[in-house]
Number of protein chains: 2
Amino acid sequence: MGTGRQTRQRSAILGKIREAEGPLSIAQIHERAGGEIPRLGIATVYRAVKALREGGEIVAVELPGEEPHYETADRGHHHHFRCRVCEQTYDLGVCPVGIPRGTMLPGGYTVEDHSLTLYGRCADCVA
Amino acid sequence: MGTGRQTRQRSAILGKIREAEGPLSIAQIHERAGGEIPRLGIATVYRAVKALREGGEIVAVELPGEEPHYETADRGHHHHFRCRVCEQTYDLGVCPVGIPRGTMLPGGYTVEDHSLTLYGRCADCVA
DNA sequence: CGAATCTTGCGAACACAAACTCAATAGCAA
DNA sequence: TTGCTATTGAGTTTGTGTTCGCAAGATTCG
C-alpha cells in the first residue's frame, strides 16, 4: 500500500489536521486547507481523509450529534471538550473516568471502553 | 396545546419507549410497536416522537456515531452503556465523572455539562 | 524534457434520515 | 349512531453528507 503521490492539497490537508487544537470535521478541513489551496474541492478532502484513515495516520472521532471529526492517530487516550459558543472541539488531557477495562457494572455490563465529551465555553468565549 | 386524539399507535409508541431498558431509535420504536400494531408506518413513529418531544414527555439522546435515540424525560442525569454485540443501548445509574458544573479545566475550559457512553458487552452477550 | 498515469475539481449521482401529500380510516362529541 | 375532523399508511420528496465519473492538470520516472 503506497502512500501515493505527494501533492500540495494532500500535504495541506494533513498539515491542518496535525496542527489543529482538536478533531476537525470535513467542512473544517476544507475551510482551513482551502485558505492555502484556492478552489480546493470537497471531494479531494474526502479522498485524502479516506486514504489517511486507511494508512492509519488519522482516526475518526465520533461526537454525539455531530458528523465525524478527524485527528492524528498518535494522540492516545483522551477526551474532548466542545464549546457551545464557537462550536469548536478541543482535545483534553484529563480522563476523569475511573472505569478500567474489564470492570463489571451492576446489571452485568462488562466495560471495554468509554467516550466522554464535556460541554461548556472555551477560554476565548467566556468573555 | 392539547395532547391530540388517543390512538392505538400513539399509546403503543409511548408504551414501548416507557418500558424500554434504554433509549430507542426510531427504527427500534417502529419494530417494537409494530409487533403490536401491524402495518404501523414509519411516518407515524416520526410524527408521534416529534409530538411527544414537543410535549416534553420524551427527550432525544445523542450517542456517538448513532442516530438520535429517545427516552422518557423523567430519568434525570444518567449515562449509557452500549453493547457492541447486540447493539442495544442501556441506561446506567452510575455517573463516574467527578466534574461539577462550573469547573474550570486547564486551558480555560469552563464545563457546563458532560456526556458519557460506555462500550462493552451486556449480560446477555457475555456468553 | 516527455510520456505515462495518478490526482484534482466540478457537477451529477447516491444514501439515508426526516418531512410532506393525500385518500382512506378511526376518534370523539353530540 | 352519525358526522366532523384529526390521524394514519404508503409513497414521494426534501435535505444533507458522501461518493462517483470524467476531462483537465499535476507528479514522477526514464
Side chains of B:Leu118 and A:Asp113, heavy atoms from C-beta outward: is any pair under 4.5 Å? no

Using atom [atom1] of [X] as one end and atom [atom2] of [N] as the other, report the distance to the nearest whole Å.
X: B:Ile42; N: C:dC16; atom1: CD1; atom2: P; value: 14 Å
X: A:His30; N: C:dT8; atom1: NE2; atom2: C1'; value: 12 Å
X: B:Arg8; N: C:dT25; atom1: CZ; atom2: P; value: 13 Å

Axis-to-axis angle across the helix from C:dC1-D:dG30 to C:dA30-D:dT1, five pairs an end, to 10 degrees? 40°

To the closest 0.5 Å, what do you measure between NE2 (A:His77) and SG (A:Cys95)? 3.5 Å

With a strict under 4.0 Å distance from non-hydrogen atoms of chain A, what nucleotide opens and what nucleotide closes the contacted stretch of DNA chain D, reading 5' to 3'? D:dG17 to D:dT28

Could you pull out the protein-nucleic contacts involving nucleotides 28-30 of chain C (nitrogen or oxygen on both sides, under 3.5 Å)?
from	atom 1	to	atom 2	distance (Å)
C:dC28	OP1	B:Gln6	N	2.8

Excluding sequence neighbours, so at least two apart, what forms side chain to side chain contact (heavy atoms under 4.5 Å, CB included) with B:Ala43? B:Arg47

Non-neighbouring partners of B:Glu36 that pass side chain to side chain contact (heavy atoms under 4.5 Å, CB included), sequence neighbours left out: B:Ala12, B:Lys16

Just N and O in the side chain of A:Arg39: are any of them under 4.0 Å from OP1 or OP2 of C:dT8? no

Polar contact flag, side-chain donor to acceptor under 3.5 angstrom, B:Ser11-B:Arg8: no

Going by distance alone, is a donor N or O of one side chain under 3.5 Å from an acceptor N or O of the other, for A:Thr117 and A:Arg82? no

If you take the centroid of each ring, where Trp contributes its six-membered ring, are A:His114 and B:His79 closer together than 6.0 Å? no

Going by ring pair (Phe, Tyr, Trp, His ring centres under 6.0 Å), name the residues that satisfy it together with A:His80, two or more places apart in sequence or in a different chain. A:His78

Under the ring pair (Phe, Tyr, Trp, His ring centres under 6.0 Å) rule, collect the residues that match up with A:Tyr90, sequence neighbours excluded. B:Tyr109

At a heavy-atom distance below 4.0 Å, what parts of residues 44-62 of chain A sit against DNA chain C? A:Thr44, A:Arg47

Any residue of residues 10-25 of chain B with a heavy atom less than 4.0 Å from an atom of DNA chain D: B:Arg10

Is it true that a side-chain atom of A:Arg10 and a backbone atom of A:Arg5 form a donor plus acceptor pair closer than 3.5 Å? yes

My understanding is that a hydrophobic cluster links ILVMFWY residues whose side chain heavy atoms are under 4.5 Å apart, including indirect links. Using that, what else belongs to the cluster containing A:Val61? A:Leu63

Out of curiosity, does B:Ile37 fall in the hydrophobic cluster containing B:Ile29 (side-chain heavy atoms, cut-off under 4.5 Å, transitive links)? yes

Same apolar cluster (I L V M F W Y, side chains within < 4.5 Å links), B:Ile26/B:Leu24: yes

By side chain to side chain donor-acceptor pair (under 3.5 Å), B:Glu21 pairs with (sequence neighbours left out) B:Arg32

Indicate every side-chain donor-acceptor pair of residues 96-108 of chain A with a distance under 3.5 Å to a residue at least two apart or in another chain.
from	atom 1	to	atom 2	distance (Å)
A:Arg101	NH1	A:Glu112	O	3.3
A:Thr103	OG1	A:Pro100	O	2.6

